[in-house]
2 protein chains.
Amino acid sequence: MTTVTLAQVAERAGVSTATVSMVLRNRGRISQATRERVLRALDESGYVYNQTAANLRNRSSNQVGLLLHDITNPFYSEMTAGLSHEMERHDLLLFLANSEESGERQQRFVDSLMRNNACGMVLCAARDTPQAFFDGLKRRNIPVILTVRTFGDADFDYVGTDNFFGTQLATAHLLKLGHRHIAFIGGSHNSGTRAQRIGGFTSKLIEHGLSPKPEWIVASQASQSDGARVAEALLTAYPEITAAVCYQDIVALGVMQALRKMGRTPGQDFALVGFDDITEAALVQPALTTVSVAAKEIGRKAGELLYSRIQGNDEPPKRIILPPALVIRGSCGFHQASGAE
Amino acid sequence: MTTVTLAQVAERAGVSTATVSMVLRNRGRISQATRERVLRALDESGYVYNQTAANLRNRSSNQVGLLLHDITNPFYSEMTAGLSHEMERHDLLLFLANSEESGERQQRFVDSLMRNNACGMVLCAARDTPQAFFDGLKRRNIPVILTVRTFGDADFDYVGTDNFFGTQLATAHLLKLGHRHIAFIGGSHNSGTRAQRIGGFTSKLIEHGLSPKPEWIVASQASQSDGARVAEALLTAYPEITAAVCYQDIVALGVMQALRKMGRTPGQDFALVGFDDITEAALVQPALTTVSVAAKEIGRKAGELLYSRIQGNDEPPKRIILPPALVIRGSCGFHQASGAE
DNA sequence: TTGTAGGCGTTATCAG
DNA sequence: CTGATAACGCCTACAA
């Protein structure tokens, strides 16, 4: 399979390479006759366009990168699907990489994108990404969209969900059901997202005249088992707690386990709200009331914004915050909670 | 941010581009002195290697494609993670695309890969992919690894699991627990994978002197909701069924929903086995007994094989069939099933 | 409307 | 050990 070049096609059609190039990209004025001749030659020769050469010549490319920490997480695979779809609409190719929370892998990927002359990227940066990484990114002049995780750097476009409002919804729901002893469970101390969710939680408490207790706000790793561990300790120390807003659905599932182990029944004498609306949330018994964040839509919006940046849109950095919604299921009970004071 | 080229670095270091290129790639013999000079110049100038130019010159690339039909399916996202990891080990960049079962999208992606001079691809082809698509692939001289779905084309490398054996395991397990009224739920009619799984199911029944009932073998889309829909219809018509082998975990999760809705309890009066061992399988209550196919491992193996092909391995096409394993959890109960005849 | 020719940044060949 | 130079395949002034 020797590669067929423009020049060969041109020769076969009896025209110059310039003409073929123009036909290929519908540029310039070409007579109908020669156009057809060229098209025929193109077809007969089995020509395959060489993007690489074109990209080199144009100092451009049609490739964008997506960095996640874990594609295995249903939230991110949904988001990926949304982004992928959007990229395809614009004939952009999508590079995928998993940082697995490693700053080094993340840096390697970005470097690789730069070497490959990618024209943009969507990042959900690894947890403890240093500011230096972002500074490095700014120096390159390439469109970057941050997603999901905020790093307090206003120089980048950002697409994510309204964490603050999300936990406000969750908390308001519990308050409406009569709960007054509400805990916040999950998230890791150094997480900005967590700070926002805690903000929504506490602000809503205060709005209702309750003062948030720091000792009822506990961290946990993003796993069911750690959620269970943490919840058990908390509820042993403070049995008066009757409800919890969880940082993540996964954690909420762990809390459910702990409750059962302690002889309490989620949905009856304890109310639980999660965050993310992962698939499992609908499956457990009782099904988990949770805050839904439309992962696919985040991907789509990020793609849209990235594309506009690639097209040259140079408005100041945007923050697109998609509104979350409360999905009410069984885990808070459907009536006034019995355990409320 | 004007791009710094080799030539500029060369000038700064007072050497030729050839020398810089050699230093960059550790090729040829370069004196320690000039090497250091060049490295310093490289560093000071903020040079970024231009893969595109190198690729053009070398008629090669470091980019491979992965085509899936649905990255949202946890099985495929696991597989993607495995492949992605493997690709990164070899400094290959991974293009991702979702065909969404559309032959047209699939073709577009492959064409795009060819234009971009990708050096290989891993495909899980769309369902009704015509032979012509594969023929086209063969004409290009590019390594292709098919995964998961077989298309009976022996000219391609293939990595997948032993579907037949997998459902044999699942079915044997249910039989051992005493079940005699066992259904097969899920998969779409025209799926080759499904045919194999049904084969394992029915062969095991027959081995035990049971004759498979066609009306207890029902298809479903790859979603929880459709699994639930289909299961409800089936179990309403045939309440005597006490167990089911499901085509996929997702479908099994849907069946669980249906069971609960109908007042039956998975793990107590109904036994359920899934297939895939997706993450959620371990999380639902009761946890799902399932056939584990090590999706991540399939991705990894596909990556390994692809890499060896890219390196020039031209042995005849291989079929790598990974053995599935039964993962016993709670969804079949731990004792003789009460509902068995 | 079409052709000519130089250059995108790197690499490999071949002298020196 | 190092330098000059011609490709790689395409695009685009500039000419014709």
Side-chain angles (χ1 to χ4, degrees), chain A residues 1-42 45-63 112-119 140, chain B residues 1-42 45-63 91 112 114-119 140:
Chain A
M1 195 76 188
T2 61
T3 54
V4 181
T5 72
L6 261 194
Q8 293 168 24
V9 175
E11 195 182 8
R12 175 190 285 250
V15 297
S16 76
T17 59
T19 306
V20 180
S21 174
M22 289 171 127
V23 169
L24 230 37
R25 307 179 313 122
N26 275 314
R27 293 283 213 78
R29 254 134 281 292
I30 302 283
S31 76
Q32 193 55 29
T34 48
R35 146 162 290 125
E36 275 165 17
R37 204 139 40 86
V38 170
L39 286 176
R40 187 145 14 90
L42 238 21
S45 62
Y47 171 76
V48 174
Y49 185 76
N50 186 329
Q51 256 318 335
T52 308
N55 287 345
L56 175 59
R57 169 64 224 236
N58 295 333
R59 301 146 152 280
S60 74
S61 91
N62 60 331
Q63 310 176 343
S112 191
L113 289 180
M114 297 312 302
R115 282 199 299 276
N116 282 273
N117 195 23
C119 59
R140 329 264 176 209
Chain B
M1 193 78 190
T2 61
T3 55
V4 182
T5 73
L6 261 194
Q8 294 169 26
V9 175
E11 193 181 11
R12 176 190 286 252
V15 297
S16 78
T17 60
T19 304
V20 180
S21 176
M22 289 173 123
V23 169
L24 228 37
R25 304 176 311 128
N26 274 312
R27 293 287 209 75
R29 250 131 282 292
I30 303 283
S31 76
Q32 194 55 31
T34 47
R35 148 162 289 124
E36 274 165 17
R37 204 140 40 86
V38 170
L39 286 176
R40 186 145 16 88
L42 238 20
S45 63
Y47 171 76
V48 174
Y49 184 75
N50 186 330
Q51 264 301 352
T52 306
N55 287 346
L56 174 59
R57 170 63 223 228
N58 295 332
R59 301 146 151 281
S60 74
S61 92
N62 60 331
Q63 312 178 342
D91 267 310
S112 190
M114 297 312 303
R115 281 198 299 275
N116 283 272
N117 195 23
C119 60
R140 328 264 177 211

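Model, not experiment: these values are computed from the prediction. Every chain is numbered from 1, with letters handed out A, B, ... down the list of sequences.
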Quiz prompt | C/dG9 OP1/OP2 closer than 4.0 Å to side-chain N/O of A/Arg59 | solution = yes
Quiz item: Quick one: is C/dG3 close enough that its OP1 or OP2 comes under 4.0 Å of any side-chain N or O from A/Thr19?
Solution: yes
Practice problem: Take B/Leu56 and A/Arg29, find for each the nucleotide of DNA chain C with the closest heavy atom, and name the residue whose nucleotide sits nearer the 5' end. | Solution: A/Arg29
Quiz item: Can you name the closest pair of heavy atoms from A/Thr52 and B/Asn116 and give their distance?
Solution: OG1-O, 3.8 Å
Exercise. Using the heavy-atom set of chain B and a strict 4.0 Å cut-off, write down the first and last nucleotide of DNA chain D that makes it in, 5' to 3'.
Key: D/dC1 to D/dG9
Return the value, rounded to whole Å, for the distance between atom [atom1] of [X] and atom [atom2] of [N].
| X | N | atom1 | atom2 | result |
| --- | --- | --- | --- | --- |
| A/Asn55 | C/dG9 | CG | P | 13 Å |
| A/Arg37 | C/dG3 | CZ | C1' | 13 Å |
| B/Tyr49 | C/dG9 | OH | P | 14 Å |

Practice problem: For A/Gln63 and A/Asn55, test the side chains for any donor-to-acceptor distance below 3.5 angstrom and give the result as yes or no. | Solution: no
Donor-acceptor under 3.5 Å ([X] side chain, [Y] main chain):
| X | Y | result |
| --- | --- | --- |
| A/Ser45 | A/Ala41 | yes |
| B/Arg37 | B/Ala13 | yes |
| A/Asn117 | B/Asn50 | no |

Quiz item: When all nucleic acid strands are considered with a 4.0 Å heavy-atom cut-off, which category describes A/Thr52: base, sugar-phosphate, or nothing?
Solution: nothing
Practice problem: Could you check whether B/Ile30 gets within reach of a base, just the sugar-phosphate, or nothing at all, counting any heavy atom under 4.0 Å? | Solution: sugar-phosphate
Can you tabulate the close N/O pairs, meaning under 3.5 Å, that link protein atoms to atoms of nucleotides 12-16 of chain C?
| unit_1 | atom_1 | unit_2 | atom_2 | d |
| --- | --- | --- | --- | --- |
| C/dA12 | OP2 | B/Arg25 | NH2 | 2.8 |
| C/dA12 | O4' | B/Arg57 | NH2 | 3.1 |

Quiz prompt | B/Asn62 vs B/Gln51 side-chain heavy atoms within contact, under 4.5 Å | solution = yes
Quiz item: With a 4.5 Å limit on heavy-atom distance, are the side chains of B/Val20 and B/Leu42 in contact?
Solution: yes
Quiz item: Partners of B/Arg35 by salt bridge (charged side-chain N to carboxylate O under 4.0 Å, His left out), sequence neighbours excluded?
Solution: none
Quiz item: If you count the non-hydrogen atoms of other residues, nucleotides and ligands that lie under 6.0 Å from CD in B/Gln8, is the total more than 12?
Solution: yes
